[in-house]
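The sequence lines fix the lettering, A, B, ..., with proteins before strands; numbering per chain opens at 1.
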Amino acid sequence: MIDPQLLRENPDIVRRSQQARRADAQLVDAAIEADRQRREAIAAFESLRAEQNAHGKQVAAAPKEQKAALVAQAQQLAADVKAAQAAATEAEARFAEVAGGIPNVIIDGVPEGGEDDFVTLREVGTKPTFDFEPRDHLALGELLDAIDMERGVKVSGSRFYFLKGVGARLELALMTYALDTALDAGFTPLITPTLVKPEVMSGTGFLGAHADEIYYLPNDELYLTGTSEVALAGYHADEIIDVSSGPLRYAGWSTCYRREAGSYGKDTRGIIRVHQFQKLEMFSYIDPAEAEAEHERLLAMQEGMLQSLGLAYRVIDTAAGDLGSSAARKFDVEAWVPTQGAYRELTSTSNCTTFQARRLGVRFRGEGGKTAPVATLNGTLATTRWLVALLETHQRADGSVVVPAPLRPYLRGLEVLEPVG
RNA sequence: GGAGACGUCGCAUAGUCCGGUCGAGUGCACCACCCUGCUAAGGUGGAGACCCCGUUUAGGGGUCCGAGGGUUCAAAUCCCUCCGUCUCCGCCA
């Protein structure tokens with residue numbers, strides 16, 4: 001939910017944001033009008049209610065013989081109050097619907113346009129070169145007996161897989177390494193629920209345009225989350241939290257579920273795009289004044305992870321039109337995938353400013369003890385997809401794969417993954 | 001799954017039987033001041049969230065007793081539905 005005050009006082013900022021996103025700018029005027037009608041309806045109801053309250057006191061205080069007359073007098077008033085209240089409720093709902101359709105206002109500097117209009121901020125590391133024909137991650141996974149696609153499909157259908165042996169161990173090693181990295185940075189680990197209520201799902205902004213990406217269990221009215229961000233954002237919903245001594249930082253470990261509707265034919269080979277994977281997600285609740293600095297910190301942690309694992313990558317500043325509805329800015333870190341000759345997204349970090357917190361009712365006490373929505377930020381620290389870049393980058397001619405040094409302690413010292421059979 | 005109890009402004013509770021004096025009392029915790037020489041105690045006062053009007057002031061108004069409906073001039077209080085918590089029983093990882 002955008003800030004109604006910003007909408008009222010600086011509509012041009014919101015309009016410009018809509019234009020940068022290639023979204024409907026007229027929605028802004030519709031929202032302003034809905035807000036005006038809402039306040040008008042509230043004022044009408046409240047003055048009637050004040051009258052009714054005053055009258056009620058008279059009735060209570062009146063001697064018995066006068067009560068009947070006073071009560072009769074109040075009947076019309078009661079009907080008016082009821083009607084005015086219904087009108088106010090309706091006007092509020094209408095405003096919420098219109099204003100709720102406006103995505104977060106982008107931060108100055110975010111590139112305008114759609115998916116292809118991102119700006120590359122930097123390229124880091126050396127792309128690996130091979131004096132042999134490199135195998136793709138699935139070929140390697142099969143050689144190592146680490147990935148079993150066929151049986152995944154047999155058991156659960158397309159885009160499902162088994163991680164087996166060193167594959168399973170490698171994923172756990174990566175996740176645990178990421179968790180320790182977060183721990184060292186002061187994050188509190190959370191293993192989160194992966195089924196959440198509708199209000200949490202919509203509060204985090206995932207039930208908008210991409211609702212068909214999400215698994216839903218109608219019998220239980222629960223959604224399967226595509227990221228632990230959902231549970232992490234809902235964690236402090238409707239709370240006033242204390243961020244005066246620093247942000248609240250969480251590292252959420254969860255399985256993630258995505259329907260991948262509309263991605264037929266994309267990335268059908270291997271585990272690049274799957275229905276189920278593991279992810280370690282960072283999440284910060286922070287004073288909005290410090291949000292952009294926190295965003296840089298999360299990005300630095302992500303880059304540190306890729307660097308320590310010997311992966312070449314680039315950082316992109318996602319264009320406005322490609323942002324989720326809650327994000328005001330998003331950086332993606334994309335790793336070089338040798339057999340694709342392309343950079344592929346390994347992490348993403350979004351600054352949701354106060355947009356998500358306003359919808360979820362997460363507040364803090366600012367100056368003078370006034371409550372105000374906090375800012376929320378999220379960012380990936382590791383996912384199953386990283387295995388793709390790790391296997392392909394560190395492969396050798398014989399199909400073995402060198403384990404990057406930081407992961408070795410998590411694999412009982414294993415330095416090389418060797419082909420099986 | 002069955003039975004019962006309960007859900008009140010940070011925490012703990014009073015109030016609900018019998019609707020209006022509840023504009024929600026009290027204790028603890030919190031903040032300010034006063035008093036007091038010692039790991040404190042006592043006194044006085046203050047303090048909630050959300051929304052609307054008002055120049056981001058002063059101030060005024062409204063809403064909030066788990067959620068949503070209903071009855072009524074008037075609901076924490078009466079009625080209905082839902083959600084949650086606890087206890088016991090049953091069943092089962």
Side-chain angles (χ1 to χ4, degrees), chain A residues 1-11 13 31-100 191 193-203 217-223 231 234-245 248 285 287-289 354-374:
Chain A
M1 179 68 70
I2 64 162
D3 183 354
Q5 203 177 332
L6 181 73
L7 190 64
R8 226 176 287 154
E9 292 171 5
N10 290 299
I13 294 179
I32 291 170
E33 175 58 16
D35 180 49
R36 196 191 59 74
Q37 289 178 6
R38 159 182 156 268
R39 288 184 291 146
E40 196 176 274
I42 288 172
F45 159 67
E46 287 186 354
S47 69
L48 278 171
R49 176 66 103 181
E51 204 182 320
Q52 187 186 34
N53 285 344
H55 191 85
K57 267 178 249 181
Q58 274 184 39
V59 176
K64 266 186 202 143
E65 56 271 21
Q66 289 176 23
K67 266 193 186 172
L70 283 167
V71 164
Q73 227 179 59
Q75 276 173 2
Q76 181 57 43
L77 185 56
D80 292 347
V81 167
K82 202 168 181 175
Q85 180 164 35
T89 304
E90 197 183 322
E92 297 225 45
R94 164 137 184 79
F95 170 71
E97 197 192 320
V98 176
I191 294 175
T194 53
L195 288 168
V196 302
K197 298 179 182 180
E199 58 263 35
V200 175
M201 199 48 117
S202 65
L217 279 55
N219 287 349
D220 302 280
E221 284 187 66
L222 290 169
Y223 291 92
Y235 189 67
H236 285 299
D238 297 319
E239 294 180 21
I240 299 171
I241 58 173
D242 184 3
V243 294
S244 60
S245 52
L248 301 187
Y285 294 90
D287 186 325
T354 60
F355 187 89
Q356 201 173 51
R358 186 171 285 108
R359 262 210 280 216
L360 288 167
V362 188
R363 292 149 291 157
F364 75 111
R365 290 197 189 279
E367 284 185 43
K370 291 230 181 214
T371 62
V374 298

With 3.5 Å as the limit, what N/O pairs link the protein to nucleotides 47-49 of chain B?
{"from": "B/A49", "atom 1": "OP1", "to": "A/Arg365", "atom 2": "NH1", "distance (Å)": "2.9"}
{"from": "B/A49", "atom 1": "O3'", "to": "A/Arg363", "atom 2": "NH1", "distance (Å)": "2.9"}

Item to check | Rounded interatomic separation in angstrom, taking CZ from A/Arg358 and C1' from B/C51 | outcome: 14 Å
Next on the checklist: Going by purine N1 to pyrimidine N3 plus the second Watson-Crick contact, or the G-U wobble pair, all under 3.5 Å, which nucleotide sits opposite B/U81?
Outcome noted: B/A67
Next on the checklist: Nearest whole Å is fine: how far is B/G54 P from A/Gln5 CD?
Outcome noted: 13 Å
Next on the checklist: Whole angstroms only, please: what is the CD-C1' distance between A/Gln76 and B/A74?
Outcome noted: 17 Å
Checklist entry - B/A67 P sits how many Å from A/Asp238 CG, rounded? => result 12 Å
Item to check | Residues which pass salt bridge (charged side-chain N to carboxylate O under 4.0 Å, His left out) with A/Arg358, listed by chain and number, not counting sequence neighbours | outcome: A/Asp3
What does the list of N/O pairs under 3.5 Å between the protein and nucleotides 71-73 of chain B look like, with a distance for each?
{"from": "B/U71", "atom 1": "OP2", "to": "A/Lys82", "atom 2": "NZ", "distance (Å)": "3.3"}
{"from": "B/C73", "atom 1": "OP1", "to": "A/Gln75", "atom 2": "NE2", "distance (Å)": "2.9"}

Item to check | B/U81 to B/A5 separation - P atoms, rounded to the nearest Å | outcome: 15 Å
Next on the checklist: For a side chain to side chain donor-acceptor pair (under 3.5 Å) check, start with the C-alpha distance between A/Gln5 and A/Arg8, then their side-chain angles and the critical distance, and finish with the verdict.
Outcome noted: CA-CA 5 Å; A/Gln5 203 177 332; A/Arg8 226 176 287 154; over 6 Å; no
Checklist entry - side-chain contact (heavy atoms from CB on, under 4.5 Å) with A/Asn10: which residues, sequence neighbours excluded? => result A/Leu6, A/Ile13
Checklist entry - Which pairs, with at least one residue in residues 80-100 of chain A and sequence neighbours excluded, count as a salt bridge (Lys or Arg N to Asp or Glu O under 4.0 Å)? => result A/Arg38-A/Glu92
Review item, nucleotides 60-66 of chain B N/O atoms under 3.5 Å of protein N/O:
{"from": "B/G61", "atom 1": "N2", "to": "A/Glu46", "atom 2": "OE1", "distance (Å)": "2.8"}
{"from": "B/G61", "atom 1": "N2", "to": "A/Glu46", "atom 2": "OE2", "distance (Å)": "3.1"}
{"from": "B/G62", "atom 1": "OP1", "to": "A/Asn53", "atom 2": "ND2", "distance (Å)": "3.4"}
{"from": "B/U63", "atom 1": "OP1", "to": "A/Arg49", "atom 2": "NE", "distance (Å)": "2.9"}

Next on the checklist: Students often get this wrong, so: under 4.0 angstrom with heavy atoms, is A/Arg8 touching a base, only sugar-phosphate, or nothing?
Outcome noted: sugar-phosphate
Checklist entry - With a 4.5 Å heavy-atom cut-off, do A/Pro373 and A/Val362 have their side chains touching? => result no
Item to check | side-chain contact (heavy atoms from CB on, under 4.5 Å) involving A/Ile240 - partner list, sequence neighbours excluded | outcome: A/Arg363, A/Arg365, A/Thr371
Item to check | Counterpart base for B/C30, defined by Watson-Crick or G-U wobble contacts under 3.5 Å | outcome: B/G46
Item to check | A/Gln37: side-chain contact (heavy atoms from CB on, under 4.5 Å) partners, not counting sequence neighbours | outcome: A/Glu33
Checklist outcome for this item: Applying salt bridge (charged side-chain N to carboxylate O under 4.0 Å, His left out) to A/Glu51 and not counting sequence neighbours gives none
Item to check | Pairing residues for A/Tyr223 by the ring-ring contact (aromatic ring centres under 6.0 Å, His included) criterion, not counting sequence neighbours | outcome: A/Tyr216
Checklist entry - To the nearest angstrom, how far is A/Glu221 atom CD from B/C82 atom C1'? => result 11 Å
Checklist outcome for this item: Heavy-atom nearest nucleotide on RNA chain B taken for A/Glu92 and for A/Lys197; more 5' hit belongs to A/Glu92
Checklist entry - Counting only Watson-Crick or G-U wobble pairs whose two distances fall under 3.5 Å, which nucleotide matches B/G4? => result B/C86
Item to check | Any residue meeting side-chain contact (heavy atoms from CB on, under 4.5 Å) with A/Val200, in chain and number order, not counting sequence neighbours | outcome: A/Val196, A/Val230
Item to check | Straight-line distance of A/Leu7 CG to A/Ile2 CD1, nearest 0.5 Å | outcome: 4.0 Å
Checklist entry - With rounding to whole Å, what would you report as the distance between B/G70 and B/A76 at their P atoms? => result 15 Å
Next on the checklist: Quick check for you: to the nearest 0.5 Å, what is the distance between A/Glu9 atom CD and A/Ile32 atom CD1?
Outcome noted: 11.0 Å
Item to check | Nearest-0.5 Å distance that lies between atom CD in A/Glu221 and atom CG in A/Leu195 | outcome: 13.0 Å
Checklist entry - Tell me, which of residues 33-40 of chain A have any heavy atom that sits under 4.0 Å from an atom in RNA chain B? => result A/Arg38, A/Arg39
Checklist outcome for this item: Taken to the nearest whole Å, NE2/A/His236 to C1'/B/G10 is 16 Å
